[in-house]
Amino acid sequence: KMFYTCGPNEAMVVSGFGRSPPLMIAGGRVFVIPCIQKIQRITLNTLTLNVKSDKVYTRHGVPISVTGIAQVKIQGQNKDMLATACQMFMGKSEAEVAQIALETLEGHQRAIIAHLTVEEIYQDRKKFSEQVFKVASSDLVNMGIGVVSYTLKDVHDDQDYLHSLGKARTAQVQKDARIGEAQYKRDSVIKEAQAMQEKVSAQYKNEIEMAKAQRDYELKKAAYDMEVNTKKAESEMAYQLQVAKTKQRIEEEKMQVQVVERTQQITLQEQEIIRKEKELEAKVKKPAEAEKYRLERLAEAQRLQLIMEAEAEAESVRMKGEAEAFALEAKGRAEAEQMTKKAEAFKQYKDGAMVDMLLEKLPLMAEEISRPMSEAQKITMVSSGGSEVGAAKLAGEVLDIMTRLPHTIEKLTGVNISQAAGKPTRVH
């Protein structure tokens, strides 16, 4: 057999090979290797102990006998306490463990009895039980045993001390009873006399109240009679007054009927005016508002159309400007390229190229010279008789200006057009 089990009221301790420290299991199973390992068991049952202390002297030297009932057990759930209990009680029977715990509890019970009086033990048993439980628990815990409960069962003595205390208490109770009975009788007589006095006083007060009530009745009856007669007279006068008021109210109601009729007529007239206003609004005002709305929508549509046309025109102008800018850029590059080539030609042919360029620009220069006269709307010419008059005169003046250009160009550039033109070099 290698597997061992135990119930919840028992613990197993396995020692030997591979079990250092020993393995302790409270309620379960364990594997044990035969020959090289050993298993032992310890009970975890609750032990009921009858803790009896005979003829123990109290603090005042009175010998008494005390019997208490204690419930103790080895705490298997606390590993430390279980290990302590195994060290102290392993191999001992349940009776031996109970005897050790009983002797410990009895010693503590005796010690506590010696520090208390008989009255303290007898009258406050709960306090005594708590002290024994507290002191014994702290000591038994060191053995691995826990005190579940402790109750004081009996207290007695052989000297009739407790009986004497009972007699004294009984006498005191009887004394208190006699005193209480006498006080009750006294209080009863006093209260009876007070009740009689109160009865007589109440009777006199009742008669006085009856007399007052009779007087008040006579006075109130006379007042009521006078009030009745007054009311009768007032009633007759009120009747005549009411007749006059009724006639007046009838006349007022007639006037009120006329006022209501007039008010209804005014209401009908006001409703007729409102009807005519609504008719006028339906026939004139509503169509005018509809026409106004239509014109506003039409104006809004025209405004949006103009905005869209303006945006389209702006986009067209932008694109046109971009195209013109591109054309101008291309033209500028072409002219720059042409000027570069002309510069290279001028560098190669020098005066001949200069003369060639001047000759190409002469017609343009002549055009610019004659432009003011061609743009004039009216020219008035005055002849002194010794020169030409008319178009020939104008053409001659233009030619005269042209003949002066070579001299001016020579001064500006240092190139003599007449000499350069006679050379065979020609710029193409």
Side-chain angles (χ1 to χ4, degrees), residues 1-34 36-56 64-116 121 125-155:
K1 185 177 179 180
M2 292 183 290
F3 276 101
Y4 293 86
T5 60
C6 66
N9 63 333
E10 192 177 18
M12 296 184 296
V13 181
V14 181
S15 59
F17 179 76
R19 298 299 185 183
S20 181
L23 176 63
M24 293 174 291
I25 298 174
R29 65 177 185 173
V30 67
F31 179 80
V32 179
I33 301 173
I36 61 173
Q37 289 183 342
K38 181 180 179 181
I39 182 169
Q40 293 174 291
R41 299 173 185 268
I42 186 169
T43 181
L44 301 179
N45 289 326
T46 301
L47 305 177
T48 301
L49 306 179
N50 189 12
V51 186
K52 187 174 182 181
S53 301
D54 293 328
K55 297 181 181 180
V56 181
I64 61 173
S65 298
V66 176
T67 303
I69 302 298
Q71 306 287 338
V72 298
K73 71 185 298 290
I74 296 174
Q75 298 293 336
Q77 301 301 323
N78 190 317
K79 298 297 183 181
D80 294 335
M81 292 181 67
L82 180 59
T84 303
C86 289
Q87 291 176 4
M88 298 189 69
F89 304 118
M90 185 61 68
K92 295 182 183 296
S93 65
E94 187 173 309
E96 292 175 333
V97 175
Q99 184 62 32
I100 293 172
L102 176 61
E103 292 176 358
T104 304
L105 278 168
E106 186 179 356
H108 289 297
Q109 183 173 274
R110 284 177 172 272
I112 293 173
I113 292 172
H115 286 83
L116 299 175
I121 298 171
R125 296 192 175 195
K126 182 179 179 181
K127 180 180 178 182
F128 175 78
S129 299
E130 290 176 351
Q131 290 184 2
V132 174
F133 179 85
K134 182 178 179 181
V135 175
S137 295
S138 60
D139 198 4
L140 290 174
V141 163
N142 297 327
M143 301 181 186
I145 299 176
V147 180
V148 180
S149 67
Y150 174 85
T151 305
L152 181 60
K153 180 180 178 182
D154 181 43
V155 179

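A distance of 5.5 Å separates CD in Q131 from CG in L116, rounded to the nearest 0.5 Å. To the nearest 0.5 Å, the span separating CD1 on I74 from CE on M143 amounts to 11.5 Å. L152 contributes atom CG, which lies 14.0 Å from atom NZ of K126 (distance to the nearest 0.5 angstrom). Taking CD1 of I121 as the reference point, atom OG of S129 lies at 10.5 Å (rounded to 0.5 Å). L47 CG to Q99 CD: the interatomic distance, rounded to the nearest 0.5 Å, is 11.5 Å. Of the inter-residue distances, the one linking L105 atom CG with R110 atom CZ reads 13.0 Å to the nearest 0.5 angstrom.
Scanning all heavy atoms of the two residues, the minimum distance from Q109 to K52 falls at NE2-C, 4.2 Å. Contact detail for Y150 and A70: the closest heavy-atom pair is CD1-CB, 3.9 Å. Here the closest non-hydrogen pair linking T84 and N142 is CG2-O, 3.1 Å. Taking both residues in full, the closest heavy atoms of V97 and K92 are given as CG2-CB, 4.4 Å, listed atom of the first, atom of the second, then distance. When all heavy atoms of C6 and R41 are compared, the closest pair comes out as CB-NH1, 3.5 Å. Across E106 and S53, no two heavy atoms sit closer than the pair CG-OG, 3.6 Å.
Of the residues listed (V147, I69, V72), the one engaging L49 in a side-chain contact (heavy atoms from CB on, under 4.5 Å) is V72, and it is the only one.
Counting only heavy atoms from C-beta outward, the side chains of I100 and M88 never approach each other to under 4.5 Å. In this structure, H115 and I112 have side chains that are not in contact, with every pair of non-hydrogen atoms separated by 4.5 Å or more. I64 places a side-chain heavy atom less than 4.5 Å from the side chain of V155.
Surrounding NZ of K38 are at most 12 heavy atoms belonging to other residues, nucleotides or ligands under 6.0 Å away.
With respect to E130 and K134, no salt bridge is recorded, no charged nitrogen being found less than 4.0 Å from a carboxylate O.
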